[in-house]
Amino acid sequence: GNSVTQMEGPVTLSEEAFLTINCTYTATGYPSLFWYVQYPGEGLQLLLKATKADDKGSNKGFEATYRKETTSFHLEKGSVQVSDSAVYFCALFYNQGGKLIFGQGTELSVKP
Amino acid sequence: NAGVTQTPKFRVLKTGQSMTLLCAQDMNHEYMYWYRQDPGMGLRLIHYSVGEGTTAKGEVPDGYNVSRLKKQNFLLGLESAAPSQTSVYFCASSYHLGQYNEQFFGPGTRLTVL
């Protein structure tokens, strides 16, 4: 079936460090891929998305590239800030099911 | 626009009690969803609706019922609460189900069942 696997957290980084959060997926067909972010005490917000292979989604300094050959959608940021501390969810959407499938989430903590 | 709002924000129930969670959206979205979030398990879809008057089961529907009598509202009911339903509940809505689908989430309801 369709599923999303993220690297386990929590991830703790110092400010200005490089961030990678791994995400791999299993899906039939050609899903769209998303990263959502959940700041403390809030609901999820869309961070970025990619709808086809080799697309790169980007927003707020974060990037992720849809890699069909490795079934991955890793999230990266060159220099994290304390304000990036949040839980990050990778998700896929496949048209046949019409639903979003989420990974388990990765908690990021950035220290000054 | 308020976006997606949820009522209440917190609730504590005793086993066997019932309650209704209310979700409202002011974006004229056709699709609405209820998820639960548990540690280490991401978000799991409970029920969803593709339009006023319609509902469908998601991944974990047992113990929950829903209704969508008005386009802007989506209610989640627990008829007889159990400790296993202790969770954070999120409502979401979206304009359509296509590949460009973006779901907009409410702030969540933290429910504890004793």
Side-chain angles (χ1 to χ4, degrees), chain A residues 1-10 21 23-53 55 57 59 66 68 73 86-107, chain B residues 1-7 9-10 21 23-25 27 29-51 54-61 74 87-110:
Chain A
N2 300 299
S3 65
V4 176
T5 302
Q6 293 180 230
M7 63 184 287
E8 289 192 17
I21 300 178
C23 171
T24 57
Y25 68 90
T26 301
T28 54
Y30 303 95
S32 297
L33 300 172
F34 302 81
W35 277 100
Y36 280 81
V37 58
Q38 182 182 28
Y39 297 105
E42 299 182 9
L44 280 69
Q45 324 175 3
L46 179 65
L47 180 60
L48 54 84
K49 65 183 178 185
T51 56
K52 60 183 187 296
D55 265 3
N59 186 27
Y66 188 159
K68 191 171 188 299
F73 194 53
V87 181
Y88 293 82
F89 292 91
C90 185
L92 72 82
F93 177 87
Y94 65 108
N95 282 325
Q96 286 179 325
K99 307 180 192 68
L100 269 178
I101 296 175
F102 288 88
Q104 73 271 32
T106 302
E107 182 180 358
Chain B
N1 288 349
V4 180
T5 58
Q6 293 182 231
T7 309
K9 288 186 169 51
F10 303 94
L21 283 66
C23 175
Q25 53 93 5
M27 296 173 282
H29 285 168
E30 288 292 333
Y31 303 93
M32 297 187 74
Y33 315 82
W34 275 108
Y35 293 92
R36 59 178 290 172
Q37 182 183 28
D38 300 294
M41 300 186 74
L43 275 73
R44 294 180 292 169
L45 183 65
I46 304 171
H47 286 281
Y48 64 102
S49 169
V50 301
T54 71
T55 62
K57 293 181 180 180
E59 183 185 358
V60 288
F74 195 29
S87 188
V88 181
Y89 292 86
F90 287 100
C91 177
S93 70
S94 65
Y95 183 66
H96 57 73
L97 276 178
Q99 64 176 144
Y100 304 105
N101 177 60
E102 175 183 352
Q103 293 188 12
F104 293 83
F105 284 79
T109 295
R110 186 173 293 276

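Excluded from the calculations below are hydrogen atoms, water molecules and symmetry mates; all remaining heavy atoms, backbone and side chain alike, are included. Every value quoted in this text rests on a predicted model; they were computed, and no experiment measured them. First the proteins, then the strands, lettered A, B, ... as listed; each starts at 1.
Considering all non-hydrogen atoms of both residues, Leu43(B) and Phe102(A) come closest at CB-CD1, 3.8 Å. Minimum heavy-atom separation, Phe89(A) to Gln37(B): CZ-NE2, 3.1 Å.
For chain B, the nearby part of Gln38(A) is the side chain; its heavy atoms alone come within less than 4.5 Å.
Atom-to-atom distance recorded for Tyr35(B):OH and Leu44(A):CG is 9.0 Å, nearest 0.5 angstrom. Here the CD atom belonging to Gln104(A) is positioned 12.5 Å from the CZ atom belonging to Arg44(B), to the nearest 0.5 angstrom.
In this structure Arg110(B) satisfies the side-chain contact (heavy atoms from CB on, under 4.5 Å) test together with Phe10(B), Val88(B), sequence neighbours excluded. A search for side-chain hydrogen bond (donor to acceptor under 3.5 Å, both in side chains) contacts involving Gln25(B) returns nothing, not counting sequence neighbours.
In Glu8(A), the CD atom is not crowded: 12 or fewer heavy atoms of neighbouring residues, nucleotides or ligands sit closer than 6.0 Å.
If you tally non-hydrogen atom pairs under 4.5 Å between each of Ile101(A), Leu46(A), Thr106(A) and chain B, the highest count goes to Leu46(A).
Looking only at side-chain heavy atoms (C-beta outward), Phe93(A) and Gln103(B) stay at 4.5 Å or farther from each other.
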